[in-house]
Amino acid sequence: QVQLVESGGGLVQAGGSLRLSCAASGRTFSTYMGWFRQPPGKEREFVAAISWSGGRTHYADSVKGRFAISRDAVKNTVYLQMNSLKPEDTAVYYCAAEKGFSPTNVNAYDYWGQGTQVTVSS
């Protein structure tokens, strides 16, 4: 079992930055760690993912060039640096872990955190 705890969400003005953290504990073997988000009234969508082994990254087109995912293998923590935030980035952000090889597929993930709210005001 893997436990994931997100932190770092909050309220920020458009153009601002936030950094989300996801601390993993328990039996932490996984191939990919991902960030997903669920805007109000919409389905959960892929944001970014990173492999534990080699740091290979994947991004949704909507966040490329603005968001950066990274990991600290010693601390078992994954980060999402979000810059140039827009109102449309407003969502609950979830951290997730998968043991397979489908980093952009929400249905491939085995473990999920409780989510953290990010609100971007215009």
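Residues: numbered from 1 along the sequence shown.
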Rounded distance [0.5 Å steps], CD in Q117 versus CG in L11 | 9.5 Å

Atom CE in M82, atom CZ in R19: separation rounded to 0.5 Å?
-> 11.5 Å

Give a yes or no on whether a salt bridge exists between K86 and D89, defined as a side-chain N under 4.0 angstrom from a carboxylate O.
-> no

For the residue pair M33 and L4, establish whether any side-chain heavy-atom pair is separated by less than 4.5 Å.
-> yes

Is the charged tip of R44 near the ring of F36: under 6.0 Å from the six-membered ring centre and within 45° of its axis?
-> no

What's the shortest heavy-atom distance between S17 and N83, and which atoms?
-> OG-OD1, 2.9 Å

Hphob cluster co-occupancy, V92 + W112, side-chain heavy atoms under 4.5 angstrom = yes

Return the minimal non-hydrogen interatomic distance between R37 and S62, and the atom names on each side.
-> NH2-OG, 3.5 Å

Do R66 side-chain atoms and S84 backbone N/O form a donor-acceptor pair below 3.5 Å?
-> yes

Kindly compute the distance separating OH (Y79) from CH2 (W35), expressed to the nearest 0.5 Å.
-> 10.5 Å

Looking at the rings of H58 and F46, which for Trp means the six-membered one, are their centres under 6.0 Å apart?
-> no

Which word best sums up how the rings of F67 and Y93 line up, parallel for under 30°, tilted for 30 to 60°, or perpendicular for over 60°?
-> tilted

Atom CG in D110, atom CD in Q1: separation rounded to 0.5 Å?
-> 10.0 Å

Flag side-chain contact, heavy atom, 4.5 Å: E6 against Q114 = yes

Got a second to check how far K99's NZ is from Y111's OH, nearest 0.5 Å?
-> 4.0 Å

Any Y94 side-chain heavy atom under 4.5 Å of V47 side chain = no

Looking only at heavy atoms, the pair that brings Y59 and A48 closest together is CD2-CB, 3.7 Å

Donor-acceptor contact below 3.5 Å, side chain Y109 vs main chain T104 | no

Taking all heavy atoms of Y32 and all of G100, pick out the closest pair and write down the distance.
-> CD1-O, 4.0 Å

When rounded to the nearest 0.5 angstrom, what is the spacing between OG1 in T77 and CZ in R71?
-> 12.0 Å

Any side-chain heavy atom of T31 sitting closer than 4.5 Å to one from E98?
-> yes

Tightest non-hydrogen contact, residues L85 and L18, listed as CD1-N, 3.9 Å

Correct closest heavy-atom pair for S122 and P87 would be CB-CG, 3.8 Å

